[in-house]
Amino acid sequence: MTEFDSAGRETSTRDPSGGEPVERVPIERAPIERAPIERVSVEQAAAERAPVEQAPIERVPSERVPSERVPVEHAPSERVPSQPESAPGPEQASKPPVAKPFGWRFTAPLLLGSTLNPINSATLATGLVSIGVDMHLGPGPAATLISVLYLCSAIMQPTMGKISTLVGPRRTFLTGIVVLFAGGVVGTFAPSFGFLLLSRALIGVGTSAAYPTAMALVRRRADTTGFGVPSRVLGNFSIAAQVSAVIGLPLGGILVGVWGWRALFAINLPVAVITFAFTLLGVPPDARLQRRGDRGILAALDLPGIAFFAGTVVALLVFLGDLTTPIWWLLAVFAVLLALLILWERRARSPMIDVRMLARNSPLQRTYLRQTLAALGMYTMMYGAPQFLEDGMHLSAAMAGLIMLPMSAASIVLARVVSTRGWVRWPLVAGGGGLLGAGVVGLFITSESGWLIAVGMTLLVGVANGFTGFANQASLYTQTRADEIAVASGLYRTFAYIGAIFSSSLIGLAFGAKATDSGFHAMAWVVGGLGVALIAMAVFDRRIPKRAGAGAGAGAGAGAGAGARTPR
């Protein structure tokens, strides 16, 4: 126990066990003398400061001892998303913007490849009669050559997009060109109709690789070079589709007239060689492939998902292909396969179609629906109006073709205008207005009408096509992440095929055995109603950006956000 004196100094400490206190001698603390501080002026301090020379430091090289890396085992996750080869890495994102990332060397092979599918669809129409005569077939079996390409394309477009996420979009693009070349060879030397069917299937598979991989390559190029949404490039894809529709029929007529129907297949050979060579020269290669075992490749490819998707699409398209005598049990098959597809893809580690993403991304769902309705309206007028002009108004086939030409011209011009400025929202409204106007004008056309009013109707269809083609494509681009753009673009084409095939049944229901005034008016009512639906969807959907790059959707990836510079 410590005791203190009156001054508060410690004097003794008593033993806690009760013994005698221990005396402590107080320590006298000497006062601290503080030396006076000498104040020095700034000038004097600067004068007295002498430079200090430092001896150079001799660096001795140190011998590094390699450290032993211990592999870290990661716990398996429930879901392993596939990483695309086109995903930009940190070193790519830090690259300075390229002056002209979308020059002709890069875009020309992609545009050429994306037109091969619609051109092969259009050119064959002029050769069906000759093929039927040579193969001793009627018009019905010969027409299956067109159906085979549509079915293969609708299935393989998203499938090729999925494959491109595993092996790279450039490799998939080039592989598709090789398959196209093989299909051209088989068709050119086909000894029987069965070989022609095989040729058309190969052509459908090969050309299906072009569009989804081209969109993925454009997205990779835009992200790695620091550009935003390349609206002008997207417009070029829309224009290329229009040009191919315009030149397809006359090109097919020239080929059949000069060299015969086999030229329709042989023309793919030089085109495939040119596209392949230009792709090697102008499109940068993909990243190095990841090493996977056979099981890893099959698991990542999701073969059951592809099978369920193919069955679902075939059941739906076959049912929609002929609604004059509908096969109702196909609807039940479609519903069952669709349910199995959704259940499987929800549990798949690497799904072909990410149904969870699609369920969350409602703007993308509406884009697919708009594309289906727009394709249904435009193909209905594109295929139905010429039949009425010839059968109902008794015009020649050449005159009917000339009346339809303004539609394509308007589509090309308007697609260039809106893509140059990057407009998205109001072209969708105007496109619906174009279909509505075409339907209204169609109600006043009869077999006694002049050809001038028919030209006005086709111009309005061209307005709808030119506006909605680019705007829906730009919406898809901004509403999809970079690693999803290939499969999403393939599905975009699939929904367009659904609208196109449905239009053939709609025309059959409206006209029956002969194109009459009442049938054409019924068709016009449907087209006008589709225009109203498209206007309402565009006006009330606030998730549609006003401009490409001015507001990304829910799934937008890098390079598509606000403030990104759009190349012109």
Side-chain angles (χ1 to χ4, degrees), residues 108-157 159-160 163 171-211 213-214 240 243-245 247-281 310 314 317 493 497:
L110 303 184
L111 290 172
L112 183 59
S114 64
T115 60
L116 294 177
N117 189 282
I119 281 184
N120 274 279
S121 299
T123 55
L124 188 70
T126 60
L128 291 179
V129 176
S130 299
I131 292 173
V133 171
D134 287 356
M135 297 291 177
H136 307 288
L137 301 170
T144 57
L145 294 174
I146 296 178
S147 302
V148 166
L149 187 137
Y150 272 134
L151 286 174
C152 290
S153 300
I155 295 169
M156 293 306 298
Q157 292 259 0
T159 304
M160 287 297 187
I163 293 173
R171 294 188 186 95
T172 308
F173 186 92
L174 292 173
T175 303
I177 298 301
V178 173
V179 175
L180 169 66
F181 186 89
V185 171
V186 172
T188 302
F189 302 100
S192 63
F193 185 71
F195 281 91
L196 287 182
L197 289 175
L198 174 61
S199 170
R200 291 289 288 180
L202 291 174
I203 291 173
V205 172
T207 56
S208 294
Y211 179 72
T213 56
V243 171
S244 62
I247 69 174
L249 289 175
L251 176 62
I254 294 172
L255 292 174
V256 174
V258 177
W259 291 288
W261 61 264
R262 292 186 185 272
L264 299 175
F265 298 88
I267 190 63
N268 290 292
L269 304 182
V271 174
V273 172
I274 293 172
T275 306
F276 192 93
F278 280 11
T279 304
L280 291 178
L281 295 174
V314 170
L317 294 185
R493 284 290 181 92
Y497 288 129

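When a residue number appears, it is its place in the shown sequence, counting from 1.
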Open item on the list: If I compare all heavy atoms of Gly127 with all of Val256, which pair ends up nearest, and what's the gap?
Closed with: CA-CG2, 4.0 Å

TODO: Find the distance between CZ (Phe173) and CZ (Phe276) and round it off to the nearest 0.5 Å.
DONE: 10.5 Å

Open item on the list: For Gly183, is there any backbone N or O sitting under 3.5 Å from a side-chain donor or acceptor partner on Ser199?
Closed with: yes

TODO: Kindly give the heavy-atom pair with the smallest separation between Cys152 and Ser208, and that separation in Å.
DONE: O-OG, 4.1 Å

- [ ] To the nearest 0.5 Å, tell me how far Leu264 CG sits from Thr188 OG1.
- [x] 9.5 Å

Task: Distance in Å, Ile203 CD1 paired with Leu198 CG, rounded so as to fall on 0.5 Å steps - done: 9.5 Å

Task: Test item: Ser244 side-chain N/O and Ile119 main-chain N/O as donor-acceptor pair under 3.5 Å - done: no

- [ ] Start with the C-alpha distance between Leu269 and Val273, add both sets of side-chain angles, then the distance that settles side-chain contact (heavy atoms from CB on, under 4.5 Å), and finish with yes or no.
- [x] CA-CA 6 Å; Leu269 304 182; Val273 172; 5.8 Å; no

Task: Pairwise side-chain contact, Leu180 with Leu202, heavy-atom cut-off 4.5 Å (strictly under) - done: no

TODO: Only one of Thr207, Asn268, Thr115 passes side chain to side chain donor-acceptor pair (under 3.5 Å) with Asn120; say which it is.
DONE: Asn268

Task: Heavy-atom closest contact (Tyr497 atom, Gln157 atom, distance) - done: OH-NE2, 3.6 Å

Open item on the list: Within the structure provided, determine whether Ile146 and Leu128 are in side-chain contact (heavy-atom separation under 4.5 Å).
Closed with: yes

- [ ] Check whether more than 12 heavy atoms from other residues, nucleotides or ligands sit under 6.0 Å from atom CZ of Phe193, and answer yes or no.
- [x] yes

Open item on the list: For the CD1 atom of Ile177 and the CG atom of Leu280, what is their distance to the nearest 0.5 Å?
Closed with: 10.5 Å

Task: Side chains of Leu112 and Phe278 in contact at under 4.5 Å (non-hydrogen atoms) - done: no

Open item on the list: Rounded to the nearest 0.5 Å, what separates atom OG1 in Thr213 from atom CG in Leu110?
Closed with: 7.5 Å

Open item on the list: Using a 3.5 Å distance criterion without hydrogens, assess whether the side chain of Arg200 forms a donor-acceptor pair with backbone atoms of Gly187.
Closed with: no

Open item on the list: For a quick test of reading the model, state the closest non-hydrogen atom pair linking Trp261 to Asp134 and the distance between them.
Closed with: NE1-OD2, 2.6 Å

- [ ] Would you mind reporting whether Leu149 and Leu145 have side-chain heavy atoms less than 4.5 Å apart?
- [x] no

Open item on the list: Ignoring hydrogens, what is the shortest heavy-atom contact between Asn117 and Ser153? Give both atom names and the distance.
Closed with: ND2-OG, 2.9 Å

Task: Atom pair CD1 (Ile267) and CH2 (Trp259), whose distance is rounded to the nearest 0.5 Å - done: 7.5 Å

Task: Check: Phe265 and Leu124 side chains under 4.5 Å, non-hydrogen atoms - done: yes

Open item on the list: Ignoring hydrogens, what is the shortest heavy-atom contact between Ala209 and Gly176? Give both atom names and the distance.
Closed with: CB-CA, 3.9 Å

